[in-house]
Amino acid sequence: MDPRVLPFSVLAILIAATTLANGYSPPPPPTPPTTAYPAAKTVEAAVEGMVYCQSCDKYGSWSLAGAEAIAGAKISVICKNHRQQVSFYKVFQTDSYGHFYGELKGLKMSQHFLDHPLHACRAKLVSSPREDCNLFSNINNALDGASLRYEEKRVKWKNYEAVVYAAGPLAFRPDHCPESTAPAPTY
């Protein structure tokens with residue numbers, strides 16, 4: 001062995017020994033950069049519509065001419081899955097203008113097209129606060145449940161978006177109407 005190699009080998013061993021004695025450890029591998037993603041946007045479904053009291057002179061028709069909006073009326077939204085099992089039920093109340101808006105939070109939609117709100121959900125009358133106008137009418141098929149309509153309406157906030165479906169309008173009718181001399185409606 002060459003005598004000049006020995007001092008170099010000893011020097012390398014001494015440097016390594018002192019480095020390890022001082023608590024040196026190799027640097028950790030670089031961590032990948034973290035990306036802060038914004039909070040996931042929630043897209044919900046909602047339903048809105050109006051509730052009226054149909055005027056006596058329009059009784060028997062689907063006309064709402066002369067109808068008055070009912071504040072505090074209750075309507076329900078019922079959704080059934082493709083097996084005809086109730087998958088969602090909630091009651092909403094109209095505001096002072098007879099308008100209702102309700103989020104369908106908790107509505108589970110599967111990939112089956114019949115579970116979509118347009119196919120699965122119906123709006124029905126529940127109760128009217130007006131004693132003089134509290135009988136159900138069948139305007140927009142409210143007795144069986146008025147279908148929802150998609151009218152390309154969305155409500156958007158920073159981390160929230162709702163697809164708004166329309167229902168109705170729905171109407172109660174008076175429980176007593178004065179005798180009329182008008183001819184009976186023809187269909």
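This structure is a prediction, so every number in the text was calculated from the model and none was measured. Quick note: numbers below take in every heavy atom, side chains included, and nothing from hydrogens, waters or symmetry partners. Numbers here simply count residues along the sequence, with the first being 1.
A distance-only check finds a donor-acceptor pair linking the side chain of Ser128 to the backbone of Cys133 [under 3.5 Å]. A distance-only check finds a donor-acceptor pair linking the side chain of Gln54 to the backbone of Ser61 [under 3.5 Å].
Between Glu161 and Glu44 the shortest side-chain heavy-atom distance does not fall below 4.5 Å. With contacts defined as side-chain heavy-atom distances shorter than 4.5 Å, the pair Ile139/Leu64 qualifies. Residues Tyr89 and Val77 have side chains not in contact (no heavy-atom distance under 4.5 Å, counting atoms from C-beta outward).
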Given side chain to side chain contact (heavy atoms under 4.5 Å, CB included), test Leu125 with Phe172 step by step and report yes or no.
CA-CA 8 Å; Leu125 297 167; Phe172 289 93; 3.6 Å; yes

Should Tyr150 and Val164 be marked as a side chain to side chain contact (heavy atoms under 4.5 Å, CB included) after you check the CA-CA gap, both sets of side-chain angles, and the distance that decides it?
CA-CA 7 Å; Tyr150 179 64; Val164 181; over 6 Å; no

Quiz: residues 140-149 side-chain donor-acceptor pairs under 3.5 angstrom, not counting sequence neighbours:
from: Asn140; atom 1: ND2; to: Pro169; atom 2: O; distance (Å): 2.6
from: Ser147; atom 1: OG; to: Arg122; atom 2: NH1; distance (Å): 3.0
from: Arg149; atom 1: NE; to: Glu151; atom 2: OE2; distance (Å): 3.2
from: Arg149; atom 1: NH1; to: Gly168; atom 2: O; distance (Å): 2.8
from: Arg149; atom 1: NH2; to: Glu151; atom 2: OE2; distance (Å): 3.3
from: Arg149; atom 1: NH2; to: Gly168; atom 2: O; distance (Å): 3.4

Under 3.5 Å, which donor-acceptor pairs link side chains of residues 66-76 to any protein atom two or more places apart or in another chain?
from: Glu68; atom 1: OE1; to: Arg130; atom 2: NH1; distance (Å): 2.9

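Residues satisfying the salt bridge (Lys or Arg N to Asp or Glu O under 4.0 Å) criterion with Lys105, sequence neighbours excluded, are Glu103. Qualifying ring-ring contact (aromatic ring centres under 6.0 Å, His included) partners for Tyr52, counting only residues two or more places apart in sequence or in other chains: none. Under the rule for a side-chain contact (heavy atoms from CB on, under 4.5 Å), Glu131 has no partner lying at least two apart in sequence or in another chain.
Among pairs with a residue in residues 63-100, those fulfilling disulfide bond (SG atoms under 2.5 Å apart) read Cys79-Cys121, at least two apart in sequence or across chains.
Minimum heavy-atom separation, Gly102 to Phe92: CA-CE2, 3.3 Å. In this structure, Val126 and Phe136 approach most closely via the heavy-atom pair O-CZ, 3.5 Å.
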